[in-house]
Amino acid sequence: MLRKLIKYEFQATARYFLPMYLLLLVFAGLTHLLISVSFSVNDTLRTFMVEIPSAVMSFAYVAGLVGVSVITVLLIVARFYKNLLGNEGYLSFTLPVTPMQHVWGKLIPALVWGIAGCAVMILSIVILAMDANTLPYFAKIFGSLGEAMVREAPHSWVLFFLLLLLLVSSFLHAYLEIYAAIVVGCQVKKARILAGFGTYVGFSMVEQLIASIAITALVLFPDFPKNYLGLLQYMQTAKDAAYIVIESMVGCLILFNVIFGTTYYFIIWQLLKKRLNLE
């Protein structure tokens with residue numbers, strides 16, 4: 001049943017996300033074309049025929065970049081609230097699935113669309129920057145990157161895997177925080193959206209406070225810097241020590257996402273199970 005929920009969510013959201021991503025790529029291509037043409041047009045015609053359309057299209061492209069991020073989050077929030085905690089929730093919760101299966105049915109497509117949005121934005125920047133002059137540089141960069149991955153193994157592959165985990169855990173943490181804020185906000189009878197926004201701000205402040213306390217305690221703990229630096233001395237080279245430091249930092253960020261994401265997951269689970277409050 002979870003598979004059907006995920007399939008339906010993808011079908012319901014693809015009609016919004018796919019045209020939006022395609023439009024951003026079109027904006028990037030048109031902006032690139034107009035900027036390229038501007039260098040081959042004489043000064044008399046450039047202002048009216050190229051520079052003004054180029055400026056307009058550049059603004060549209062930048063607005064598209066911002067819009068992809070904002071609209072993605074708004075659609076994810078709207079789908080979760082409307083389908084599970086709004087009027088449609090009365091129908092959704094009659095299905096033979098658990099509340100958390102409903103949550104996963106929203107969370108997995110949200111994760112995919114979020115990562116896809118990042119990939120599309122990066123691709124649009126590549127389209128905007130790539131031409132006959134920059135193409136060799138891109139090829140050189142990717143070639144050097146591949147050589148570095150082989151040369152610096154296994155640290156390069158460990159770091160690559162950790163960065164992928166960081167990306168996925170960051171998205172899951174962010175979406176679970178939003179979902180938890182919505183569910184907590186729906187515990188009130190009036191101004192539910194405002195209560196959800198206030199809850200989200202409160203969650204963010206608590207996260208920042210706990211992170212600040214943890215970092216301060218870690219740095220001020222007498223033996224930690226000494227023991228950690230002592231461990232790095234046993235590394236064969238300074239490069240290995242640098243990799244260990246970077247991997248440790250990325251690992252701490254992943255742990256941060258896992259701890260808070262799990263906390264929000266537990267909040268959602270308990271409230272949907274025991275205090276479901278539909279609109």
Side-chain angles (χ1 to χ4, degrees), residues 1-18 20-21 68-120 161 164-189 192-193 195-200 202-204 206-207 253-279:
M1 192 63 183
L2 176 60
R3 185 185 303 175
K4 293 182 179 180
L5 290 175
I6 294 173
K7 179 181 178 181
Y8 171 77
E9 187 66 16
F10 272 121
Q11 291 175 343
T13 52
R15 57 183 175 176
Y16 301 109
F17 286 111
L18 293 181
M20 180 174 63
Y21 295 159
V68 166
S69 302
V70 174
I71 294 174
T72 296
V73 174
L74 290 178
L75 284 174
I76 289 170
V77 170
R79 292 288 303 176
F80 183 83
Y81 178 80
K82 182 180 179 181
N83 294 153
L84 298 185
L85 297 168
N87 292 329
E88 294 182 10
Y90 291 99
L91 177 61
S92 297
F93 284 101
T94 60
L95 298 175
V97 293
T98 65
M100 294 316 295
Q101 285 180 317
H102 278 297
V103 173
W104 281 110
K106 302 295 181 186
L107 185 60
I108 293 176
L111 173 64
V112 173
W113 289 125
I115 295 176
C118 291
V120 169
F161 179 70
L164 286 179
L165 283 180
L166 178 61
L167 176 65
V168 173
S169 64
S170 297
F171 273 107
L172 291 176
H173 167 209
Y175 291 149
L176 286 170
E177 183 179 4
I178 294 172
Y179 290 171
I182 294 173
V183 174
V184 172
C186 288
Q187 299 305 305
V188 301
K189 294 182 179 180
R192 304 173 80 180
I193 296 178
F197 179 76
T199 302
Y200 180 81
F203 284 160
S204 300
V206 170
E207 282 188 12
L253 292 175
I254 294 172
L255 182 62
F256 176 86
N257 289 331
V258 170
I259 291 174
F260 282 101
T262 303
T263 302
Y264 296 134
Y265 185 89
F266 181 79
I267 292 172
I268 297 169
W269 174 41
Q270 289 299 308
L271 290 180
L272 290 183
K273 180 180 179 182
K274 299 179 179 180
R275 295 182 59 85
L276 181 62
N277 186 22
L278 301 180
E279 192 175 59

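Computed over heavy atoms, backbone and side chain alike; hydrogens, waters and symmetry mates excluded.
No more than 12 heavy atoms of other residues, nucleotides or ligands shown are found within 6.0 angstrom of CD1 on I193. For Y16, the OH atom sits in a loose shell: 12 or fewer heavy atoms of surrounding residues, nucleotides or ligands are nearer than 6.0 Å.
Of all heavy-atom pairs between A195 and G185, the closest is CB-O, 3.7 Å. The two residues T262 and V258 have their closest heavy-atom pair at OG1-O, 2.6 Å. Closest non-hydrogen pair, S204 versus E177, comes out as OG-OE2, 3.2 Å. L84 and V103 make their closest contact through CD1-N, 4.5 Å (heavy atoms, listed as atom of the first residue, atom of the second, distance).
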Pair N83, H102 - check side-chain contact (heavy atoms from CB on, under 4.5 Å), show working.
CA-CA 9 Å; N83 294 153; H102 278 297; over 6 Å; no
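The distance between the ring centers of Y175 and F80 does not fall below 6.0 angstrom.
Taking OG1 of T199 as the start and CD1 of I178 as the end, the distance is 13.0 Å to the nearest 0.5 Å.
In this structure the side chain of K273 never reaches within 4.5 angstrom of the side chain of T98, judged on heavy atoms.
Across V77, I76, L85, L272, a single residue satisfies side-chain contact (heavy atoms from CB on, under 4.5 Å) together with Y179, and that is I76.
Ring geometry for Y21 against W113 counts as tilted: the plane angle lies between 30° and 60°, on a 0 to 90° scale.
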